[in-house]
Amino acid sequence: MLTTDPIGDWTWEVKARDGGLPPSRAVEVAAAAHAVLGRAKIAVSGAKTHVSERDAEDLVGVRLVCPGQWWEHGRRYRAEELFTVRAEVWGRALLALTLETRSDAWLTVDTRGREQPEIHAANSPRLREVLEEISDRLDTAPTPGDENRYAVPPVSSREPQRVSPRSKRGEPG
């Protein structure tokens with residue numbers, strides 16, 4: 001199931017080293033993250049790109065709304081807004097990259113509280129691969145997003161196995 005709000009997100013922060021971060025680094029990192037999603041066969045071509053610039057020296061941001069695909073019961077499905085990739089360079093001092101998903105294909109339980117082990121098994125390894133490759137490229141682990149009405153953050157910051165908050169608490173879906 002897809003939602004209009006993110007189901008899960010992960011954020012990586014990289015502090016500038018000597019010389020600072022050029023604003024163009026936001027574009028490079030967003031494009032690289034999209035390429036990682038593509039190699040994992042999660043994202044497909046056709047991302048909508050939005051660039052924001054408050055001040056070229058202060059804040060430059062890039063947002064990619066990515067169409068993508070997931071598998072259910074041996075069939076491939078496509079959504080136009082499966083992932084959002086956001087990359088921002090703040091004052092040449094900090095790069096922040098956030099990956100958001102709007103699909104429950106990575107969850108052990110769907111957004112209605114129903115177990116979905118086959119769907120999770122078909123999709124979660126690819127998302128795990130994406131999180132690990134981005135972490136390796138940025139040389140830092142992500143911080144998982146906060147609990148929301150769809151999912152509870154995983155124990156490991158690189159682990160996409162998120163579960164419904166209702167199922168974690170033993171409440172009916």
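All heavy atoms count here, side chains included; hydrogens, waters and symmetry mates do not.
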Determine the minimum heavy-atom distance between [X] and [Y], stating which atoms define it.
| X | Y | answer |
| --- | --- | --- |
| R25 | V89 | CB-CG2, 4.2 Å |
| A47 | H34 | CB-NE2, 3.8 Å |
| A16 | G20 | CB-CA, 3.7 Å |
| S103 | L82 | CB-CD1, 3.3 Å |
| A87 | L97 | CB-CD1, 4.0 Å |

Shared ILVMFWY cluster between I42 and L64, side chains joined below 4.5 angstrom? yes

Do the side chains of V65 and V29 join up, straight or via other hydrophobic residues, at under 4.5 Å, putting them in one cluster? no

Anything under 30° is parallel, anything over 60° is perpendicular, the rest tilted; go ahead and classify W70 against Y77. parallel

Please tell me if the side chains of [X] and [Y] come closer than 4.5 Å, counting only heavy atoms from C-beta onward.
| X | Y | answer |
| --- | --- | --- |
| L37 | L99 | yes |
| P22 | R92 | yes |
| I7 | R102 | no |
| S52 | H50 | no |

Salt-bridge criterion met for E129 and R39 (N-O under 4.0 Å): no

Between R128 and E132, is there a side-chain N and carboxylate O pair less than 4.0 Å apart? no

If you apply the rule side-chain contact (heavy atoms from CB on, under 4.5 Å), what do you find for R126 with N123, and how did you get there? CA-CA 6 Å; R126 283 189 290 282; N123 296 288; 3.3 Å; yes

Determine whether the aromatic ring centres of residues W10 and F83 are separated by less than 6.0 angstrom. no

Without hydrogens or angle criteria, can the side chains of Q69 and R78 be said to hold a donor-acceptor pair below 3.5 Å? no

Decide yes or no on salt bridge (charged side-chain N to carboxylate O under 4.0 Å, His left out) for R86 and E100, but give the supporting numbers first. CA-CA 8 Å; R86 288 183 294 132; E100 298 173 340; 3.3 Å; yes

Hey, which of T143, D9, T11, T84 is the one that makes side chain to side chain donor-acceptor pair (under 3.5 Å) with T98? T11

